[in-house]
Amino acid sequence: MLIKYKKSYEKFAMGLLSFMPNEKEIKVLRNTMKNYETDENLQLFLWKDEEIIGLIGIQISPDFIEIQHVSVNPSFRKQGIGKEMVKSVKEQYPDKELKANEHTESFIEKC
């Protein structure tokens with residue numbers, strides 16, 4: 001189930017984001033979290049089954065949604081969770097086209 005990020009989920013979100021190749025440095029990671037917390041056009045969602053196991057971050061523009069981050073706990077990969085997160089975002093914003101950025105493009109193409 002996709003849930004909207006809250007500050008109380010910060011450690012989970014940072015842990016999942018740190019799996020993204022461009023988010024390895026703590027300074028970059030903290031800046032990314034700050035952006036999601038302060039920019040109204042950026043939304044962060046967590047995927048929760050029995051526990052939080054995935055994350056998807058999006059940027060909302062008037063015509064489309066750009067997927068900024070997609071990350072799944074390594075123990076739960078290859079189970080379709082990333083695809084489910086993308087599908088859930090698409091369902092939440094049915095009137096908008098989904099696009100990828102350079103960091104999520106290869107994954108989104110597979111979806």
Side-chain angles (χ1 to χ4, degrees):
M1 168 175 61
L2 205 61
I3 57 174
K4 192 166 181 175
Y5 170 80
K6 294 188 280 188
K7 186 75 171 165
S8 61
Y9 297 134
E10 183 177 38
K11 287 183 182 180
F12 293 108
M14 287 181 74
L16 288 163
L17 272 174
S18 72
F19 293 123
M20 298 284 300
N22 58 317
E23 299 290 338
K24 295 287 184 198
E25 294 181 35
I26 191 71
K27 187 176 180 181
V28 173
L29 185 57
R30 286 179 197 258
N31 190 47
T32 298
M33 289 304 299
K34 182 180 176 195
N35 289 340
Y36 277 115
E37 292 171 0
T38 59
D39 187 335
E40 63 185 34
N41 294 320
L42 295 174
Q43 295 290 318
L44 193 59
F45 297 94
L46 301 168
W47 187 262
K48 186 174 182 180
D49 198 358
E50 291 179 21
E51 57 187 293
I52 294 171
I53 56 175
L55 167 145
I56 188 165
I58 62 172
Q59 181 173 8
I60 303 167
S61 69
D63 300 323
F64 62 90
I65 300 290
E66 184 175 295
I67 309 260
Q68 301 288 308
H69 297 95
V70 178
S71 181
V72 176
N73 180 319
S75 300
F76 294 90
R77 290 184 182 163
K78 307 284 186 201
Q79 296 178 23
I81 293 165
K83 290 179 184 178
E84 284 296 317
M85 289 190 294
V86 171
K87 181 181 169 188
S88 292
V89 166
K90 195 167 181 71
E91 289 171 358
Q92 282 193 334
Y93 301 94
D95 58 328
K96 296 188 186 287
E97 179 186 357
L98 238 65
K99 293 186 176 187
N101 66 13
E102 67 272 12
H103 305 293
T104 60
E105 187 173 32
S106 64
F107 177 78
I108 299 302
E109 286 175 358
K110 293 176 192 174
C111 293

Quick check on the hydrophobic clustering: are [X] and [Y] connected, directly or via other members, by side-chain heavy-atom contacts under 4.5 Å?
X   : Y   : value
I56 : M14 : no
V72 : V89 : yes
V28 : M20 : no
I67 : L2  : yes

Looking only at heavy atoms, which two atoms of [X] and [Y] are closest? And how far apart?
X   : Y   : answer
E40 : Q43 : O-NE2, 3.5 Å
Y36 : Q68 : OH-CB, 3.3 Å
L44 : G57 : CD1-CA, 3.8 Å

Student check: side-chain heavy atoms of [X] and [Y] closer than 4.5 Å:
X   : Y    : answer
D49 : M1   : no
W47 : S88  : yes
M85 : V70  : yes
L16 : I53  : no
V86 : F107 : yes
K87 : K83  : no
I58 : L42  : no
Y9  : K4   : no

Are more than 12 heavy atoms from other residues, nucleotides or ligands located less than 6.0 Å from atom [atom1] of [X]?
X   : atom1 : answer
E25 : CD    : no
F12 : CZ    : no
R30 : CZ    : no
K24 : NZ    : yes

Pi-cation contact, F64 with K96 (under 6.0 Å, within 45°)
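No, K96 does not lie over the aromatic ring of F64.
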Are the side chain of T104 and the backbone N or O of A100 linked by a donor-acceptor pair below 3.5 Å?
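Checking the backbone N and O of A100 against the side chain of T104, no donor-acceptor pair under 3.5 Å is found.
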Polar side-chain atom of D39 near backbone of N41 as donor-acceptor pair, under 3.5 Å:
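Yes, because the side chain of D39 sits within donor-acceptor range (under 3.5 Å) of the backbone of N41.
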Kindly compute the distance separating [atom1] ([X]) from [atom2] ([Y]), expressed to the nearest 0.5 Å.
X    : Y    : atom1 : atom2 : answer
K6   : L46  : NZ    : CG    : 10.0 Å
I65  : Q59  : CD1   : CD    : 9.5 Å
I108 : H103 : CD1   : NE2   : 13.0 Å
K11  : I52  : NZ    : CD1   : 13.0 Å

Go through the side-chain N and O atoms of H69 and E23 and say whether any donor and acceptor fall under 3.5 Å apart.
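Yes, a side-chain donor-acceptor pair sits under 3.5 Å.
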Is any NZ, NE, NH1 or NH2 atom of the basic residue among E37 and K34 found under 4.0 Å from an Asp or Glu carboxylate oxygen of the other?
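Here E37 does not pair with K34 in a salt bridge, since their nearest N and O are not under 4.0 Å apart.
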